[in-house]
**Student:** 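Okay, here's the structure, questions in a sec.
The chain is numbered in sequence order, starting from 1. Just follow the structure's listing: the first ligand is 1, and inside any ligand the first atom is 1.
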Amino acid sequence: MKYLYLLGYPLGHSISPAMQNAALRERKIRATRYVKNPMPPEKMREMILALRAPHCLGANVTVPHKQAIMPHLDELTDLAREIGAVNTILKRADANGIAKLVGDNTDAYGFLQALRVRKIRPQNACVAIIGAGGAAAAAAYALAQEGAREIILLNRTLARSVELADRLNRRFPALALAINDWDALERMHLIINATSVGMAPKPDESPLPAKYTIPRSAVVFDLVYNPPATKFLREAQARGARVIGGLEMLVYQGARAFELWTGQRAPVRVMRDAASKVLQDMQTLFARELAPSQVKR
Ligand code: NAP
């Protein structure tokens with residue numbers, strides 16, 4: 001049996017195993033499974049050993065390892081280095097046939113593809129990104145690469161937005177950049193939540209401070225996919241804005257990783273159906289978990 005790992009901690013109810021295993025079945029890639037491999041940060045050595053084992057074909061990496069794992073890999077793609085985060089690990093043989101661990105990033109592709117399928121073009125767009133972590137960096141690089149005109153980074157920790165803005169500025173000198181200018185929201189074409197605020201189990205939170213509102217003309221993209229309709233998206237929709245949830249990005253980043261690992265075209269529809277099904281089951285489970293405390297009140 002060969003394995004593709006999901007490395008992170010904790011991994012809870014992740015959607016990726018159902019999505020990737022459905023793709024492996026659809027493409028008849030037998031004796032290969034995508035499995036959760038929960039590893040806390042102090043187990044980095046074990047994580048690298050697991051990746052180097054011959055039965056491991058590659059991996060996805062999620063919180064909290066996306067940045068921490070980078071110095072332990074043999075190579076990074078230019079994209080992963082520029083974004084500063086790895087979410088996919090490939091195994092590539094060198095000239096001597098020795099497998100090397102290559103860190104890549106498919107979040108940027110997944111993000112752009114979710115816009116493309118809705119015919120939303122980032123060229124010349126003014127974009128606000130709430131957050132400055134790995135997902136925000138992937139979105140910012142993708143947008144800058146596609147010719148966005150302006151990016152405003154809005155993050156709780158100022159130092160992190162400054163660091164990301166510096167990197168973007170060095171790589172894309174023509175891009176207009178600002179930090180923590182919430183008042184600029186009203187003239188933004190695209191507003192993105194790249195924080196974990198609003199994610200289950202705290203679906204009643206929004207990353208938008210109460211004194212600001214979303215302009216009706218904006219497209220609002222929440223990278224959070226669980227729940228599918230976050231408070232941020234529900235409020236934006238109520239204001240008349242066009243909204244996009246995080247599921248499509250999740251499916252496309254996974255599809256890209258699948259193609260890199262297997263060399264086969266990803267069955268995107270099968271992956272989306274599997275991901276939606278797990279998400280639905282999780283909503284039911286979540287509602288049931290909430291029920292007892294609601295009864296007590
Ligand atoms: P990360 O690197 O850990 O960054 C987390 C971000 O959330 C930081 O900007 C952090 O701000 C902010 N944040 C966390 N708690 C906050 C709070 N209570 N108030 C304000 N800001 C808060 O994580 P990531 O990988 O970028 O992921 C961010 C989100 O994107 C997650 O919800 C993840 O599930 C989602 N995501 C979705 C996809 C997809 O395919 N749809 C792909 C990747 C990520 P500080 O800097 O101040 O800590």
**Student:** Could you list the atoms of ligand 1 found under 4.0 angstrom from a heavy atom of K66?
**Tutor:** 25 (O), 43 (C)
**Student:** Can you sort out which atoms of ligand 1 are near V224, meaning under 4.0 Å from one of its heavy atoms?
**Tutor:** 32 (O)
**Student:** Under 3.5 Å between any N/O of L223 and any N/O of ligand 1: does that happen in this structure?
**Tutor:** yes
**Student:** So for ligand 1, is Y225 a polar contact partner (N or O within less than 3.5 Å, distance only)?
**Tutor:** no
**Student:** Can an N or O of A132 be found at a distance shorter than 3.5 Å from an N or O of ligand 1?
**Tutor:** yes
**Student:** Do we see a donor-acceptor contact under 3.5 Å between the side chains of D104 and T88?
**Tutor:** no
**Student:** Going by the order shown, which atoms of ligand 1 are within less than 4.0 Å of some heavy atom of G134?
**Tutor:** 2 (O), 26 (O)
**Student:** Given R156, E205, M199, which one has a non-hydrogen atom that is nearest to atom 22 (C) of ligand 1?
**Tutor:** R156
**Student:** Heavy-atom contacts with V197 under 4.0 Å: which atoms of ligand 1 show up? List them by number with element.
**Tutor:** 16 (C), 17 (C), 18 (N), 19 (N), 20 (C), 21 (N), 22 (C)
**Student:** Can you list the atoms of ligand 1 that are under 4.0 Å from a heavy atom of G131?
**Tutor:** 9 (O)
**Student:** Measuring to protein heavy atoms, does anything land under 4.0 Å from atom 33 (C) of ligand 1?
**Tutor:** no
**Student:** Once you round to the nearest 0.5 Å, how far does CG of N105 lie from CZ of R256?
**Tutor:** 10.5 Å
**Student:** Does any N or O atom in G246 lie less than 3.5 angstrom from one in ligand 1, N or O only?
**Tutor:** yes
**Student:** Counting both backbone and side chain atoms, is some N or O of Q253 under 3.5 Å from an N or O of ligand 1?
**Tutor:** no
**Student:** Grab the two heavy atoms, one from P122 and one from L115, that are nearest each other, plus how far apart they are.
**Tutor:** CG-CD1, 4.3 Å
